[in-house]
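Have a look at the structure below before the remarks.
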Amino acid sequence: QVRLVESGGGLVQAGGSLRLSCTASGDIFRINVMTWHRQPPGNQREVVATMTSGGLADYADSVEGRFTISRDNAKHTVFLEMNNLNPDDTGIYYCGMGVTPRADIDYWGQGILVNVSA
């Protein structure tokens, strides 16, 4: 069974930084896309950053220039470096994996809290 586990969240002051990690385990034959989503309090889940198997990254407008998605292929791990955080970045962050060419998310992590204080 494929499993995704996030780590690195917590409480941080505005202007600070956090690095989230997501490690995948199980029967992984091919990864089409790795993603980070977040769910702010009282709102729906939204995409934050994506990275294709070819290494192409894309970002939501709200985080571009502040967040960086990267990967360690040997460890099946994807990272999200978050800089210059503000309270609007607060939410539950979810790692996702798509294994089909359509890039739908087939597996999700359990989510991890990022709480940015003013």
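Counting from 1, the numbers follow the sequence of the chain as shown. Note that the structure is predicted; figures quoted are calculated from it, not measured.
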Quick one: does N32's side chain get under 4.5 Å of T100's, heavy atoms only?
no
Taking every heavy atom of L80 against every heavy atom of A49, the minimum-distance pair comes out as CD1-CB, 4.1 Å
So, the side chain of T90 versus the backbone of V116: is there a donor-acceptor pair under 3.5 Å, distance only?
yes
Treat each ILVMFWY residue as a node, draw an edge where side-chain heavy atoms are under 4.5 Å apart, and state whether M82 and V12 are in one component.
yes
Are Y94 and T35 side-chain neighbours, meaning at least one heavy-atom pair lies under 4.5 Å?
no
Measure the spacing between CG of D88 and CG of N43 and express it to the nearest 0.5 Å.
10.0 Å
Rounded distance [0.5 Å steps], CG in N115 versus CG in L11:
5.0 Å
Minimum heavy-atom distance M51-G55, with the two atoms named
CE-O, 3.8 Å
Would you name the heavy atoms of A14 and P87 that are closest together and state the gap between them?
CB-CD, 4.3 Å
For side chain to side chain contact (heavy atoms under 4.5 Å, CB included), just list the numbers for S62 and R38, CA-CA rounded to whole Å, side-chain angles, deciding distance to a tenth of an Å, and then say yes or no.
CA-CA 12 Å; S62 59; R38 69 186 180 191; 3.4 Å; yes
The test is side chain to side chain contact (heavy atoms under 4.5 Å, CB included); show your working for R45 and W108 and say whether it passes.
CA-CA 12 Å; R45 189 177 302 186; W108 292 97; 3.3 Å; yes
Honestly curious: do V78 and V5 fall in one hydrophobic cluster under the side-chain, below-4.5 Å linking rule?
no
Non-hydrogen side-chain atoms of C22 and M97 separated by less than 4.5 Å
no
Could you go through L20 and V114, starting from their C-alpha distance and side-chain angles, then the distance that decides it, and tell me whether this counts as side chain to side chain contact (heavy atoms under 4.5 Å, CB included)?
CA-CA 9 Å; L20 304 182; V114 172; 4.1 Å; yes
Separation between CZ of R3 and OG1 of T23, rounded to the nearest 0.5 Å
9.5 Å
Just verifying a value: how many Å separate I69 CD1 and L56 CG, rounded to the nearest 0.5 Å?
11.5 Å
With the side chain counted from C-beta on, respond yes when C95 and M34 share a heavy-atom pair under 4.5 Å apart, and no when they do not.
yes
Any F79 side-chain heavy atom under 4.5 Å of T68 side chain:
no
Is any side-chain heavy atom of I31 less than 4.5 Å from a side-chain heavy atom of S53?
no
Under a 4.5 Å cut-off applied to non-hydrogen side-chain atoms, are I92 and L113 in contact?
yes
At their closest point, which heavy atom of H37 faces which heavy atom of I105, and how far apart are they?
CE1-CG1, 4.4 Å
Please tell me if the side chains of N86 and R66 come closer than 4.5 Å, counting only heavy atoms from C-beta onward.
yes
The test is side chain to side chain contact (heavy atoms under 4.5 Å, CB included); show your working for E6 and Y93 and say whether it passes.
CA-CA 8 Å; E6 301 100 336; Y93 282 68; over 6 Å; no
Treating R71 as the side-chain partner and T52 as the backbone partner, does any N or O pair qualify as donor plus acceptor under 3.5 Å?
yes
How long is the straight-line distance from CD of E81 back to OG of S21, given to the nearest 0.5 Å?
9.5 Å
